[in-house]
K.L.:
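Dumping the structure here so I can ask a few things about it.
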Amino acid sequence: MKNIVLFASGSGSNVENIVRYFQDNSKVNISAVLSNKKDAKVLDRCNNLKINALYFNRNAFYATECVLDILRAFNPDLIVLAGFLWKIPENLIAAFPDKIVNIHPALLPKYGGKGMYGNNVHEAVRANNETETGITIHYVNENYDEGAVIRQVKTSVSTDDTPESIARKVHELEYEYFPKVIAQLLEVE
Ligand code: GAR
């Protein structure tokens with residue numbers, strides 16, 4: 001059995017998609033979803049999906065080993081950041097080498113770094129008249145959006161696209177590819 005722990009800060013549509021993708025797979029267990037936002041929609045989704053959900057605050061994350069202890073207890077084979085917006089502290093990266101992956105809604109190294117998340121990314125892609133964008137699934141290191149790339153998938157951007165329509169295209173790629181890449185990493189396909 002492979003254990004996955006997910007981190008999310010917002011809506012959690014990727015979390016829900018990943019949970020549904022693996023729900024009939026007897027080799028995969030979604031141990032828990034951890035969130036840094038007490039009122040995040042992802043916590044409601046977890047409630048409906050009957051998935052363990054835990055909230056932690058900034059102090060617990062950066063000034064204590066509380067999250068590390070929780071993660072160790074779940075013994076994760078993979079830690080998946082699915083719309084998680086805080087930087088991962090070094091103690092977690094050191095404890096789980098090559099076991100933390102993130103999805104970014106653009107073609108890194110473009111449109112990465114602090115402040116580049118969600119719609120900020122799609123607005124910047126639109127403002128710069130890019131002709132393509134996409135998703136990047138990558139390992140997490142101590143710098144935002146800089147770990148080794150695992151998979152990138154592109155989609156085209158036309159002059160008719162708005163940040164909202166770009167977001168929809170990117171989400172579709174996320175829903176299609178993120179669970180598959182997770183399954184490949186865990187070797188449970
Ligand atoms: C996703 O598009 C994800 O790629 C992005 O946040 C969104 C979360 O959506 N992540 C980042 O921007 C990380 N820098 P969701 O909560 O509906 O899954």
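Residues take their numbers from the sequence shown, with the count starting at 1. As the structure lists them, so they are numbered: ligands from 1, and atoms in each ligand from 1.
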K.L.:
Is there a polar contact, in the sense of an N or O pair closer than 3.5 Å, between S13 and ligand 1?
P.N.:
yes
K.L.:
Do me a favour and list the nearest non-hydrogen protein atom to atom 11 (C) of ligand 1 with residue, atom name and distance?
P.N.:
P105 CD, 3.5 Å
K.L.:
For M116, counting its heavy atoms only, list the atoms of ligand 1 lying under 4.0 Å from any of them.
P.N.:
14 (N)
K.L.:
As an exercise, identify every atom of ligand 1 less than 4.0 angstrom from a heavy atom of G118.
P.N.:
12 (O)
K.L.:
Does any N or O in the side chain of S35 come within less than 3.5 Å of the main-chain N or O of A8, such that one atom is a donor and the other an acceptor?
P.N.:
yes
K.L.:
Answer yes or no: are there more than 12 heavy-atom neighbours, outside K169 itself, under 6.0 Å from its atom NZ?
P.N.:
yes
K.L.:
Between the side chains of K180 and E176, is the shortest nitrogen-to-carboxylate-oxygen separation below 4.0 Å, so that they form an ion pair?
P.N.:
yes
K.L.:
Ignoring hydrogens and geometry, is there a side-chain-to-backbone donor-acceptor pair from N143 to E146 under 3.5 Å?
P.N.:
no
K.L.:
Among protein heavy atoms, which lies nearest atom 6 (O) of ligand 1, and at what distance?
P.N.:
G83 CA, 3.7 Å
K.L.:
Tell me which protein heavy atom sits closest to atom 16 (O) of ligand 1, plus the residue, atom name and distance to 0.1 Å.
P.N.:
G12 N, 2.7 Å
K.L.:
Does the side chain to side chain donor-acceptor pair (under 3.5 Å) test come out yes or no for Y117 and S9, once each step is laid out?
P.N.:
CA-CA 11 Å; Y117 58 86; S9 302; over 6 Å; no
K.L.:
Before signing off on this row, confirm whether N14 and ligand 1 have an N or O atom pair separated by under 3.5 Å.
P.N.:
yes
K.L.:
Below 4.0 angstrom from a heavy atom of S11, which ligand 1 atoms are there? Numbered from 1 as shown, please.
P.N.:
16 (O), 17 (O)
K.L.:
T136 and Q152: side-chain donor and acceptor closer than 3.5 Å?
P.N.:
yes
K.L.:
Within the structure, does L85 bring an N/O atom to less than 3.5 angstrom of an N/O atom in ligand 1?
P.N.:
no
K.L.:
Please report which non-hydrogen protein atom sits nearest to atom 13 (C) of ligand 1, along with the residue it belongs to and the distance in Å to one decimal place.
P.N.:
I103 O, 3.9 Å
K.L.:
Between D145 and K114, does at least one N-O distance fall below 4.0 Å, as a salt bridge requires?
P.N.:
no
K.L.:
Under a 4.0 Å heavy-atom limit, does E174 contact ligand 1 with its side chain, its backbone, both, or neither?
P.N.:
side chain
K.L.:
For Y111, does the OH atom have more than 12 heavy-atom neighbours from other residues, nucleotides or ligands under 6.0 Å away?
P.N.:
yes
K.L.:
Give the residue and atom name of whichever protein heavy atom lies nearest to atom 9 (O) of ligand 1, and the separation in Å to one decimal.
P.N.:
H171 NE2, 3.5 Å
